[in-house]
Amino acid sequence: MNYWLMKSEPGTYSWDDLLKDGSTFWDGVRNYTARNNMKSMKVGDLAFFYHSVKQTRILGVAKIVKEYYQDPSTDDDRWVAVDIEPLSALNNPVTLEQVKSDDRLSDMILVRQSRLSVQPVTKEEWDIIMKLGS
DNA sequence: GCCAACGTTGGC
DNA sequence: GCCAACGTTGGC
């Protein structure tokens, strides 16, 4: 079981949109590192849902419900999509500011490589953020 | 709106 | 295979 973090601009697709839809397919990724992370996802893995650009914070937890398949938004077979469902919202969303100011989270890719849109999260980081958000 | 970071493209 | 040019992401 692995942990991930997936980013979305709330203006494009927000946590509320995911709650409303009940599930979604995560497509449109055009970055090899992010793509490779998506290919490593297994059914049952969990991912933080993060809002980039505006309201930069982790709002909730999504569950991977379908492993990678051809991205339906392109014919190019280099790109893949996965399906996710919302699992639970954080009572207190964890802001980027909180993550950056917490020494225990200073190695998070979210901080170190801010442009990567699908990234792994360690169990330790996961537990800390879950606690901060509860 | 600006700009740093970083990924991709294409000329050589 | 290197690297300059360019495009995009995302924090501020």
Side-chain angles (χ1 to χ4, degrees):
Chain A
M1 157 105 153
N2 289 305
Y3 299 98
W4 308 95
L5 182 146
M6 303 168 91
K7 296 184 182 180
S8 185
E9 286 194 42
T12 305
Y13 194 86
S14 68
W15 172 248
D16 283 345
D17 290 331
L18 180 61
L19 290 177
K20 183 155 47 85
D21 291 347
S23 70
T24 196
F25 46 93
W26 206 263
D27 66 355
V29 170
R30 297 290 181 271
N31 171 284
Y32 288 108
T33 306
R35 190 278 313 267
N36 292 342
N37 288 333
M38 288 171 75
K39 283 190 164 184
S40 300
M41 289 175 170
K42 302 291 182 199
V43 167
D45 282 359
L46 301 179
F48 285 131
F49 193 104
Y50 173 82
H51 278 179
S52 62
V53 184
K54 286 180 178 177
Q55 300 137 37
T56 52
R57 64 200 60 188
I58 296 163
L59 291 113
V61 176
K63 183 171 63 171
I64 312 303
V65 293
K66 186 175 179 187
E67 283 162 30
Y68 78 91
Y69 55 95
Q70 167 68 36
D71 185 337
S73 68
T74 178
D75 289 333
D76 190 332
D77 63 11
R78 290 176 300 171
W79 306 116
V80 302
V82 298
D83 289 357
I84 64 171
E85 283 178 3
L87 184 68
S88 61
L90 297 183
N91 291 323
N92 298 294
V94 176
T95 64
L96 179 61
E97 196 180 2
Q98 277 178 279
V99 172
K100 289 179 112 170
S101 63
D102 193 315
D103 288 344
R104 299 168 300 170
L105 300 175
S106 59
D107 284 334
M108 278 193 77
I109 296 167
L110 186 65
V111 177
R112 302 218 159 223
Q113 201 184 337
S114 62
R115 289 186 50 188
L116 186 60
S117 62
V118 179
Q119 50 185 263
V121 174
T122 68
K123 171 113 175 63
E124 290 74 24
E125 292 161 351
W126 183 273
D127 289 344
I128 291 164
I129 289 167
M130 289 301 284
K131 189 167 283 185
L132 289 174
S134 65

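Keep in mind that this is a model prediction, so the values were computed, not measured. First the proteins, then the strands, lettered A, B, ... as listed; each starts at 1.
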Chemist: Which residues pass the side chain to side chain donor-acceptor pair (under 3.5 Å) test with A:T56, not counting sequence neighbours?
Modeler: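 Per chain and number, A:T56 pairs via side chain to side chain donor-acceptor pair (under 3.5 Å) with no residue.
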Chemist: Could you walk me through whether A:M1 and A:K42 pass side-chain contact (heavy atoms from CB on, under 4.5 Å), step by step?
Modeler: CA-CA 7 Å; A:M1 157 105 153; A:K42 302 291 182 199; over 6 Å; no
Chemist: Remember a base hit wins even if backbone is also touched, and classify A:Q113 as base, sugar-phosphate or nothing at under 4.0 Å, heavy atoms.
Modeler: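 Contact class for A:Q113: sugar-phosphate only.
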Chemist: Which heavy atom in A:Q119 sits nearest to a heavy atom in A:Q113, and how many Å separate them?
Modeler: NE2-O, 4.4 Å
Chemist: Under 4.0 Å between any heavy atoms, over every strand shown, what does A:T33 touch: base, sugar-phosphate, or nothing? Just pick one.
Modeler: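 No contact at all - A:T33 keeps every heavy atom at 4.0 Å or more from the nucleic acid.
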Chemist: Near DNA chain C, counting only heavy atoms under 4.0 Å, which residues of residues 71-80 of chain A show up?
Modeler: none
Chemist: Using modelled atom types only, decide if a donor and an acceptor are shared between the side chain of A:D45 and the backbone of A:N2 within a distance under 3.5 Å.
Modeler: yes
Chemist: Tell me the closest heavy-atom pair linking A:P86 and A:S23, and the distance in Å.
Modeler: CD-N, 4.3 Å
Chemist: Quick one: closest heavy-atom pair of A:S106 and A:R112, and the distance?
Modeler: O-NE, 3.2 Å
Chemist: Please list, in numerical order, the residues of residues 98-110 of chain A that have a heavy atom closer than 4.0 Å to any atom of DNA chain C.
Modeler: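 The stretch gives A:K100 as the residues lying under 4.0 Å from the strand, ordered by number.
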Chemist: Using side chain to side chain donor-acceptor pair (under 3.5 Å) as the criterion, list what pairs up with A:N91, not counting sequence neighbours.
Modeler: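 None.
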Chemist: First and last nucleotide of DNA chain B in contact with chain A, 5' to 3', at under 4.0 Å to a heavy atom: what are they?
Modeler: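 Endpoints of the contacted stretch of DNA chain B: B:dA5 to B:dT8.
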Chemist: Could you check A:Q98 against A:L105 for side-chain contact (heavy atoms from CB on, under 4.5 Å), going step by step and ending with a plain yes or no?
Modeler: CA-CA 9 Å; A:Q98 277 178 279; A:L105 300 175; over 6 Å; no
Chemist: Is it true that A:W79 and A:Y32 have ring centroids separated by less than 6.0 Å?
Modeler: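 Judged by ring-centre distance (under 6.0 Å), A:W79 and A:Y32 do meet the cut-off.
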Chemist: In the hydrophobic clustering (ILVMFWY, side-chain contacts below 4.5 Å, transitive), which residues join A:W26, or is it alone?
Modeler: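 Other cluster members: A:W4, A:M6, A:Y13, A:W15, A:L18, A:L19, A:V29, A:M38, A:M41, A:F49, A:L59, A:I64, A:Y68, A:V80, A:V82, A:I84, A:V118.
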